[in-house]
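Read through the structure below, which is laid out as structure tokens, and then see the notes.
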Amino acid sequence: SRAEADAAFAEELDLRESVAERFDVLTAPHFALYALDRVKQEFNTIDDPYFIWKKGVTVYTTLDVDLQKYAEQVARDHIASLQSQGKNVSNASVVVIKPDTGEILAMVGSLDYNNDEIDGQVNVALAERQPGSSFKPYVYLTALLQGMTPASMILDVRTSFQQADGTTYVPENFDRRYRGPVTLRNALAQSLNIPAIRVMDQVGVANALRTAHRLGINGLDRGLNFYGLSLVLGGGEVTLLDHTYAYSVLANSGVQAGEPVPPQQRRTGFRNVDPVAVLQVRDSAGAVLKKYDQPQVERIISTDAQFLLANIMSDDVARAPMFGANSPLTLPDRRVAAKTGTTNGNKDSWTMGFTPQLAVGVWVGNTDNESMDRTTGAT
């Protein structure tokens, strides 16, 4: 009635602060928003855009809270250490994926969601950044699939490469040195640029792109003929989440695991499964709307090629001339495969690594693209 409406209007409201607006009290805000977005994409429709809000759903995610907090603390401590050395670096991002299920166990989108000075609300794990030399394993994997071996010889000499537009490309190694004949193993382990360009030239840019797309890179989609030889040095852009997911396939004997890509989102030549953030969704009545029981799996590359690549990437002896023996890329109690990447101008630095149990991707830099000072992937 009118009287009831007037009484309701006049009543003072006791409003609680919205938890959704207080991200400082949430665990892993970037991951929470990513998981929420996945749920919205799956359940909200054009006909019913507020389905999950009306149903009052409860979402169970893949997040390992202890691992998340550990990753956040390590990232903050390490950036603070680099800052104390005058490295001009303010932010980091970390993604951890379980290779045999595709589950995202940790996602550090930035060091602090609430810090506007570092653009903390930007989830760098989902931002497209240049991967530097951490892209090289996809190219060398393509070479192994085409019949090259870790013992194949590649020339590390000054070379001028003719490009499609008629210009020439003369790459340099990080240390500006030339080593003459080197094996594929040493070329990848030491991250030599000139041999990498030679391998890219031999296998074909389009073929290397196809490998990266099948492994899980959803970007780099401007066409197979758009990119040049510099792509092997990270001359394109990928997201940390995609990059880590692709490395998880390398960790899982060449098998990709996850949940199916929705049919309407599938693209020819790209991955058919996605990393997993949501394990279960229930409505307010307790009915299960979604349950992730087991992963969909798809073999992407042969076990032989995966084994050879992982063996090279975990060869500390082959890596030592460039990175030193027992570098931070090694672990004391297990064999670990790793690859670093540093972009021109020191704007993005990466370390990607895996064991059979975990795939981890780390990005360090400044969200606004300001150059760091002497901060490489190995740093």
Side-chain angles (χ1 to χ4, degrees), residues 78 82 85-89 129-141 143 150 152-161 163 168-203 205 208 227-238 243 247 309 312-330 336-353 361-366 369-379:
H78 195 63
L82 293 175
Q85 302 169 44
K87 297 291 190 182
N88 190 38
V89 54
R129 314 284 303 208
Q130 289 197 352
S133 291
S134 65
F135 191 84
K136 286 176 181 173
Y138 307 143
V139 179
Y140 280 94
L141 175 60
S152 295
M153 189 272 287
I154 311 167
L155 284 177
D156 180 19
V157 297
R158 191 175 188 278
T159 308
S160 177
F161 294 92
Q163 303 207 93
T168 57
Y169 176 45
V170 185
E172 294 284 351
N173 289 321
F174 184 77
D175 59 5
R176 305 282 178 174
R177 292 173 50 207
Y178 308 106
R179 292 162 179 78
V182 295
T183 63
L184 183 148
R185 175 182 293 275
N186 288 333
L188 174 55
Q190 296 171 35
S191 197
L192 303 178
N193 290 342
I194 297 172
I197 296 286
R198 284 184 172 274
V199 172
M200 176 69 107
D201 194 35
Q202 179 172 328
V203 304
V205 176
Y227 302 91
L229 294 174
S230 64
L231 182 63
V232 68
L233 307 183
E237 295 181 333
V238 302
H243 208 16
Y247 269 65
L309 185 71
I312 295 169
M313 293 174 65
S314 59
D315 189 339
D316 192 53
V317 174
R319 185 164 52 208
M322 182 64 73
F323 294 92
N326 298 315
S327 73
L329 300 179
T330 64
V336 55
K339 185 71 193 75
T340 63
T342 308
T343 61
N344 289 337
N346 262 213
K347 293 184 177 180
D348 302 274
S349 290
W350 309 65
T351 294
M352 312 294 297
V362 179
W363 170 90
V364 164
N366 297 302
N369 269 336
E370 183 178 346
S371 293
M372 297 174 285
D373 182 30
R374 296 167 289 114
T375 305
T376 66
T379 311

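Model, not experiment: these values are computed from the prediction.
Side-chain contact between Thr379 and Met372 is absent, with no heavy atoms from C-beta onward closer than 4.5 Å. Side-chain contact check for Val232 versus Val199: every heavy-atom pair is 4.5 Å or farther apart. Looking at Asp175 and Met322, their side chains come closer than 4.5 Å, going by heavy atoms from C-beta outward. With contacts defined as side-chain heavy-atom distances shorter than 4.5 Å, the pair Asn173/Arg179 qualifies. In this structure, Trp350 and Arg129 have side chains that are in contact, with non-hydrogen atoms separated by less than 4.5 Å. Within the 4.5 Å cutoff, the side chain of Val238 has no heavy atoms near those of the Tyr138 side chain. Side-chain atoms of Thr376 and Thr340, non-hydrogen and from C-beta on, never get closer than 4.5 Å to each other.
Between Pro195 and Tyr140, the shortest heavy-atom contact is C-OH, 3.8 Å. When all heavy atoms of Val182 and Ala187 are compared, the closest pair comes out as CG2-CB, 4.1 Å. Here the closest heavy-atom approach between residue Asp348 and residue Gln130 is recorded as CB-O, 3.6 Å. Across every non-hydrogen atom of Pro137 and Ser134, the tightest pair is CD-O, 3.3 Å. When all heavy atoms of Phe323 and Ala189 are compared, the pair lying nearest together is CE1-O, 3.5 Å. Contact detail for Pro131 and Gly234: the closest heavy-atom pair is CD-O, 3.7 Å.
At least one donor-acceptor pair closer than 3.5 Å links the side chain of Ser371 to the backbone N or O of Gly345. Not a single donor-acceptor pair under 3.5 Å links the side chain of Ser133 to the backbone N or O of Lys136. Put simply, the side chain of Ser349 gets close to the backbone of Thr375: a donor and an acceptor are under 3.5 Å apart. Asn193 contributes a side-chain N or O that, together with a main-chain N or O of Glu172, makes up a donor-acceptor pair within less than 3.5 Å. In terms of modelled atom types and a separation under 3.5 Å, the side chain of Asn366 and the main chain of Asn88 share a donor-acceptor contact. Of the possible donor and acceptor atoms, one in the side chain of Arg198 sits under 3.5 Å from a partner among the backbone N and O of Leu155. Formation of a donor-acceptor pair under 3.5 Å by the Thr342 side chain with backbone atoms of Gly377 is found in this model.
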Problem - Verdict with supporting geometry, Leu329 and Val336, side-chain contact (heavy atoms from CB on, under 4.5 Å) - result: CA-CA 8 Å; Leu329 300 179; Val336 55; over 6 Å; no
Practice task
Go through the steps for Tyr247 and Met313 under the test side-chain contact (heavy atoms from CB on, under 4.5 Å), then give the verdict.
Solution key: CA-CA 11 Å; Tyr247 269 65; Met313 293 174 65; 3.7 Å; yes
Exercise for the section: List the steps and the verdict of side-chain contact (heavy atoms from CB on, under 4.5 Å) for Asn346 and Val89. Expected result: CA-CA 10 Å; Asn346 262 213; Val89 54; over 6 Å; no
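Taking CD1 of Ile312 as the start and OG1 of Thr183 as the end, the distance is 8.0 Å to the nearest 0.5 Å. For the atom pair His243 NE2 and Glu237 CD, the distance stands at 12.5 Å (nearest 0.5 Å). Within the model, atoms CD1 of Ile194 and CG of Asp156 stand 5.0 Å from one another, a figure rounded to the nearest 0.5 Å. Atom CG of Leu188 and atom CG of Leu309 lie 6.5 Å apart (nearest 0.5 Å).
No more than 12 heavy atoms of other residues, nucleotides or ligands lie within 6.0 Å of CZ in Phe174, so this atom counts as exposed by the packing criterion.
A donor-acceptor pair shorter than 3.5 Å can be found between the side chains of Lys339 and Ser191.
Residue pairs satisfying the side chain to side chain donor-acceptor pair (under 3.5 Å) criterion with at least one member in residues 315-325, sequence neighbours excluded, are listed as follows: Arg185-Asp315.
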